[in-house]
Amino acid sequence: MTEQERRFTRGLVEVRAAGDSRTIGGYAAKFNSLSRNLGGFVERIDPGFFAKSEGDGWPRAMARYNHDSNMLLGTTRAGTLRLQTDGTGLDYSVDVPAARADVYELVQRGDVSESSFAFFTFEDDWAMTDDGFPVRTLLSGQLVDVAPVNDPAYLDTSTGLRSLAQRAGADLAEVRAAADAGELKRFLGAPAPTVIPGSGQGDTHPLLAVRQRRAELMNRRTF
């Protein structure tokens, strides 16, 4: 199992009506949507990424404010955290305890409006968008927690880069240097970019043939 990673989803936590409970929730992750630049590559989450966790009943999954172990909001084991996947992504609802009423109020006022999830990756894949940019696809993994967050600046890309280094048989330091220089695609070893749905024009667009030919020539010069 790899090291734990975290990713953020913007603008997707809100107060939800649930009787007398202080309930908040939203999408902790969205499927098939390219992330922002994570430092030389982008990511997408495959709809099957959470299949094992969901099939196992979301074992030991928690909701924690800012991923803080001292700020527990709910658990699947107690039924105070409810998780489900749909065509959009991973949706969560959590009944905030009275001791964390301040978190509920922060969400209610709009001070906290973003979500995050922590996870372990079992399987991923590397390819390129139709614009020739490296993309990592998260294929399967295990959910650790979901979290309303007030600071989405946390970027943890070391595990992703380690995955690419292992795939390419390269030194991690070399891959990190290439990421800083925007040159990760040379480790993918593909003669033409793989088209990722939703990332740009379709594979019949005339510009794509030009991009593919350019990528092929660049790879020939690199290796």
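Quantities reported herein were computed from a predicted structural model and do not represent experimental measurements.
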**Q** Nearest 0.5 angstrom please: Met71 CE to Met62 CE, how far?
**A**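 Rounded to the nearest 0.5 Å, the CE-CE separation comes to 14.0 Å.
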**Q** Tell me, do Tyr104 and Ile24 make a side-chain contact under 4.5 Å, heavy atoms counted?
**A**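 Side-chain contact under 4.5 Å: yes.
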**Q** Salt bridge between Glu174 and Arg186, side-chain N to carboxylate O under 4.0 Å?
**A**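 Answer for the salt bridge query: yes.
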**Q** Which pair of heavy atoms, one from Arg100 and one from Asn70, lies closest together, and at what distance?
**A**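 Where Arg100 meets Asn70 most closely, the heavy atoms are NH2-O, 2.9 Å.
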**Q** So, taking the atom named OG in Ser35 and the one named CZ in Arg44, what distance separates them when rounded to the nearest 0.5 Å?
**A**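 Result: 11.0 Å between the selected atoms.
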**Q** Taking the side chain as C-beta and beyond, is there a heavy-atom pair between Arg176 and Arg162 under 4.5 Å?
**A**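 Yes; the side chains approach each other to less than 4.5 Å.
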**Q** Less than 4.5 Å apart, side chain to side chain, heavy atoms only: is that true for Leu81 and Val146?
**A**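 Yes. Closest side-chain heavy atoms under 4.5 Å.
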**Q** Rounded at 0.5 Å granularity, tell me how far CG in Asp131 sits from CG in Leu34.
**A**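 That separation rounds to 9.5 Å.
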**Q** Answer with yes or no whether the hydrophobic clustering places Leu38 together with Phe187; edges join I, L, V, M, F, W, Y residues whose side-chain heavy atoms lie under 4.5 Å apart.
**A**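 Leu38 and Phe187: one cluster.
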**Q** Start with the C-alpha gap between Thr75 and Val94, add the side-chain angles, then the distance that decides, and say whether side chain to side chain contact (heavy atoms under 4.5 Å, CB included) holds.
**A** CA-CA 8 Å; Thr75 65; Val94 58; over 6 Å; no
**Q** Contact between Leu138 and Arg136 at the side-chain level, heavy atoms closer than 4.5 Å - yes or no?
**A**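 Side chain of Leu138 against side chain of Arg136, heavy atoms only: contact under 4.5 Å found.
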**Q** How long is the span from the CG atom in Leu73 to the OG1 atom in Thr80, to the nearest 0.5 Å?
**A**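 Taking CG in Leu73 and OG1 in Thr80, the distance rounds to 9.0 Å.
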**Q** Can you tell which of Asp86, Thr85, Thr9, Asp91 makes a side-chain hydrogen bond (donor to acceptor under 3.5 Å, both in side chains) with Tyr27?
**A**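 Of the listed residues Asp86, Thr85, Thr9, Asp91, the side-chain hydrogen bond (donor to acceptor under 3.5 Å, both in side chains) partner of Tyr27 is Asp86.
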**Q** For residues Asp111 and Asn150, is any side-chain donor paired with an opposing acceptor at under 3.5 Å?
**A**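 There is no such pair (donor and acceptor under 3.5 Å, judged by atom type) between the side chains of Asp111 and Asn150.
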**Q** Check whether any side-chain heavy atom of Leu188 sits under 4.5 Å from a side-chain heavy atom of Pro134, and report yes or no.
**A**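 Side-chain contact under 4.5 Å: yes.
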**Q** Taking the six-membered ring for Trp, are Phe41 and Trp126 closer than 6.0 Å centroid to centroid?
**A**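 Yes.
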**Q** Tell me the closest heavy-atom pair linking Ser93 and Thr23, and the distance in Å.
**A**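 In terms of heavy atoms, the two residues are closest at CB-CG2, 4.2 Å.
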**Q** Take Phe133 and Asn37, measure what side chain to side chain contact (heavy atoms under 4.5 Å, CB included) needs, and give me the verdict at the end.
**A** CA-CA 10 Å; Phe133 201 75; Asn37 190 330; 3.5 Å; yes
**Q** For the atom pair NZ (Lys185) and OG1 (Thr129), what is the distance rounded to the nearest 0.5 Å?
**A**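 Reported to 0.5 Å precision, the distance equals 9.5 Å.
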**Q** Could you pull out the closest heavy-atom pair between Val13 and Glu114, with the gap in Å?
**A**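 The pair with the smallest heavy-atom distance is CG1-N, 3.2 Å.
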**Q** Looking only at heavy atoms, what is the nearest atom pair of Arg36 and Val42, with distance?
**A**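 Closest approach of Arg36 to Val42: O-CG1, 3.8 Å.
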**Q** Could you give me the CA-CA distance, side-chain angles and deciding distance for Arg7 and Ser116, then say whether side chain to side chain contact (heavy atoms under 4.5 Å, CB included) is met?
**A** CA-CA 6 Å; Arg7 294 293 182 270; Ser116 173; 5.8 Å; no
**Q** Tell me, do Pro148 and Tyr65 make a side-chain contact under 4.5 Å, heavy atoms counted?
**A**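 A side-chain contact exists here, since the closest heavy-atom pair is under 4.5 Å.
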**Q** Would you indicate whether the side-chain heavy atoms of Leu90 and Phe49 approach each other to under 4.5 Å?
**A**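 Heavy-atom side-chain distance check fails, nothing below 4.5 Å.
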**Q** Can you give me the closest heavy-atom contact between Val107 and Val15, atom names plus distance?
**A**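 Where Val107 meets Val15 most closely, the heavy atoms are CG1-N, 3.9 Å.
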**Q** Output, in order, the C-alpha distance, side-chain angles, deciding distance and verdict of side chain to side chain contact (heavy atoms under 4.5 Å, CB included) for Arg82 and Asp95.
**A** CA-CA 9 Å; Arg82 296 168 295 281; Asp95 302 327; 2.9 Å; yes
**Q** Answer yes or no: is there an ion pair linking Arg16 with Glu14, defined by an N-O contact shorter than 4.0 Å?
**A**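 Yes.
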**Q** According to the interplanar angle, ranging from 0 to 90°, do the rings of Trp58 and Phe50 count as parallel (below 30°), tilted (30 to 60°) or perpendicular (above 60°)?
**A**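 Tilted, since the angle between the ring planes falls between 30° and 60°.
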**Q** Within a strict 4.5 Å, meaning less than it, do heavy atoms of the Asn32 and Pro47 side chains meet?
**A**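 SC-SC contact between Asn32 and Pro47 confirmed.
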**Q** With distance as the sole criterion, is a donor-acceptor pair present between the side chains of Ser163 and Asp124 under 3.5 Å?
**A**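 Per modelled atom types, Ser163 and Asp124 side chains form a pair under 3.5 Å.
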**Q** Specify the closest pair of heavy atoms between Gly87 and Phe31, including all atoms of both residues, with the distance to one decimal.
**A**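 Reported closest heavy-atom pair: O-CD1, 4.4 Å.
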**Q** Checking side-chain hydrogen bond (donor to acceptor under 3.5 Å, both in side chains) between Thr121 and each of Glu3, Gln4, Glu5, which is the one that passes?
**A**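 Exactly one candidate clears the test, Glu5.
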**Q** Would you call Lys52 and Asp56 a salt bridge, taking side-chain N to carboxylate O under 4.0 Å as the test?
**A**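 Yes.
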**Q** Can a donor-acceptor pair be found between the side chains of Tyr92 and Asp145 at a distance below 3.5 Å?
**A**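 No - no donor-acceptor pair under 3.5 Å links their side chains.
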**Q** Give, for atom OG of Ser53 and atom CG of Leu143, the distance between the pair rounded to the nearest 0.5 Å.
**A**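 The CG atom of Leu143 is 5.5 Å from OG of Ser53, to the nearest 0.5 Å.
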